[in-house]
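Just so it is clear: chains get the letters A, B, ... in the order the sequence lines come, proteins before strands, and each one is counted from 1. Predicted model, so just to flag it, every value in this text is computed and none were measured.
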Protein chains: 2
Amino acid sequence: MNVMNASPRRKELTRLAAQLFVQEGFDRTTVRMLAQEMGIKSGSLFHHFKDKHEILAAVIEEGTQNALNIAQQALDDCGRDPEVRLRTMARAHLETLFADRNAHVVALFEWRRLDPSASAHLRHLRDAYEALWVDVIDDALRAGILHGDRFLVARFVLGALNWTVRWYDPHGARTPDELADELVAMLLPNADTTNV
Amino acid sequence: MNVMNASPRRKELTRLAAQLFVQEGFDRTTVRMLAQEMGIKSGSLFHHFKDKHEILAAVIEEGTQNALNIAQQALDDCGRDPEVRLRTMARAHLETLFADRNAHVVALFEWRRLDPSASAHLRHLRDAYEALWVDVIDDALRAGILHGDRFLVARFVLGALNWTVRWYDPHGARTPDELADELVAMLLPNADTTNV
DNA sequence: CTGCTAACCAAGCAAGCGCTAGTGTGAACT
DNA sequence: AGTTCACACTAGCGCTTGCTTGGTTAGCAG
């Protein structure tokens with residue numbers, strides 16, 4: 001079941017919803033709050049979305065689909081060198097994470113509020129994204145610049161990156177790209193990228 | 001303001017609350033559900049806790065205090081070698097994370113539902129815990145077995161470890177200790193700890 | 001026996017919740 | 001000119017929420 005954000009109006013509403021979901025959390029965000037933020041009355045909201053859960057699904061789909069597109073594009077453009085691909089992927093991850101910050105925070109922390117049907121569809125999207133990572137990490141393992149179990153390494157790296165939404169300020173001292181490079185440098189101590 | 005879990009009755013109620021908060025999330029857990037799980041009526045609950053938010057604070061305090069104690073103890077017992085200390089800290093972290101799993105999952109994902117007064121007190125506890133980590137990582141940096149910015153490395157490592165609650169099954173193939181060792185091995189490729 | 005306290009219960013209030021039903025309204029198409 | 005349709009509104013239903021109130025019970029100290 002594809003949720004689809006066809007109309008531009010709906011896409012805008014989804015963006016606003018994402019912001020509120022981050023501020024308040026899904027459960028504490030009422031349809032009346034959502035409607036007010038959108039400049040309409042609460043009843044009108046159900047013309048665009050069949051129920052509150054569909055709004056959540058729309059938010060998460062939007063963010064995940066974007067992440068997938070950006071990562072795919074970045075990988076296509078960056079050549080075959082395993083170290084470069086690893087760095088590219090880390091950069092792409094943080095780039096989306098802070099470009100679509102609201103949508104991703106919702107995806108990471110409100111995942112469980114999805115109803116089962118939407119959850120199944122969105123898990124496929126997320127798995128596709130994770131597969132890109134496992135692929136890149138596989139290359140790095142074969143090249144001998146990383147060590148360990150492929151899935152384990154992927155999850156450790158994704159964990160470290162996703163956790164950044166908890167403490168990193170994108171307007172602070174470091175750019176997302178620098179942050180990504182620092183993580184890769186920590187993992188690949190043979191390269192002399194101990195700058196910054 | 002210390003929340004305190006003085007009475008043993010209250011401690012038991014806190015443990016049950018943690019379980020429900022994990023299952024349902026704080027917002028979706030009603031006082032009636034909590035009361036039923038505890039074998040009492042919803043009104044009686046407010047004899048033990050002044051309001052629902054105090055239950056959340058009690059859960060989080062319990063878990064964080066435990067983590068601090070365990071880590072402190074483990075560090076006191078493990079000598080001065082930086083690599084050993086790093087491994088010890090990672091093991092201690094995963095040990096608490098899955099021993100007091102419910103309390104920690106709540107602490108990680110329901111943090112924002114705390115009211116400001118409790119939040120301030122508990123942030124101090126958490127900062128004290130994070131300080132232990134920064135200390136250990138400082139040693140590792142000075143010894144040259146890790147590279148990068150001290151806070152950055154600490155947060156990447158904590159991110160990778162905390163994220164494990166999302167995918168790791170403590171009853172699966174790997175013990176928490178093995179998991180911790182794999183992470184350290186990934187970070188310290190000079191050591192030949194690529195076993196398991 | 002009396003007085004005190006911790007622990008509990010029954011009943012229910014006021015507020016807020018997601019969502020529905022029925023009704024315009026103005027722009028676009030026929 | 002008539003029809004359609006996307007979009008919005010008003011009003012409120014039925015239910016659940018956190019929490020309060022006033023009272024009961026059992027255990028224990030003097």
Rounding to an integer number of Å, can you tell me how far B/F26 CZ sits from D/dT17 P?
13 Å
In whole angstrom, what separates A/F49's CZ from C/dG18's P?
15 Å
C/dC8 phosphate, OP1 or OP2: any side-chain N/O from B/R9 under 4.0 angstrom?
yes
Quick check on the 6.0 Å ring-centre criterion: do B/Y129 and B/H93 meet it?
yes
Closest-nucleotide ordering on DNA chain C, the 5'-leading residue of A/K50 and B/I40
B/I40
Check the distance between C/dC8's P and B/R10's CZ and give it to me in whole angstrom.
14 Å
Measure from CZ on B/R28 to P on C/dG18 and round the result to the nearest Å.
12 Å
Please confirm whether A/K52 makes a cation-pi placement over A/F46, using NZ or CZ under 6.0 Å from the six-membered ring centre and within 45° of the ring normal.
no
From B/T14 OG1 over to B/I60 CD1, what is the distance, rounded to the nearest 0.5 angstrom?
11.5 Å
So is A/R126 actually on top of A/W111's ring, under 6.0 Å and inside 45° of the axis?
yes
Indicate whether OP1 or OP2 belonging to C/dG18 is found under 4.0 Å from a side-chain N or O atom of A/H53.
no
If you take the centroid of each ring, where Trp contributes its six-membered ring, are A/Y168 and A/F98 closer together than 6.0 Å?
yes
Specify the separation, in whole Å, of atom NZ of A/K41 and atom P of C/dC17.
15 Å
Is the phosphate of C/dC8, meaning OP1 or OP2, less than 4.0 Å from a side-chain N or O of B/H47?
no
Winner on side-chain proximity to A/F46, out of D/dC19, C/dT20, D/dA8, is C/dT20
Selected nucleotide, minimal atom distance to A/R32 side chain, candidates D/dG12, D/dG18, C/dC9
D/dG12
For A/H48 and D/dC5, give me the distance from atom NE2 to atom C1', rounded to whole Å.
13 Å
5'-most contact on DNA chain C: B/G39 or A/S44, nearest heavy atom basis?
B/G39
Phosphate-side-chain proximity, A/K52 and C/dG18, N/O vs OP1/OP2 below 4.0 Å:
yes
Interatomic distance where CG belongs to A/L45 and P belongs to D/dC9 [whole Å]:
10 Å
In whole angstrom, what separates A/D51's CG from C/dG18's C1'?
9 Å
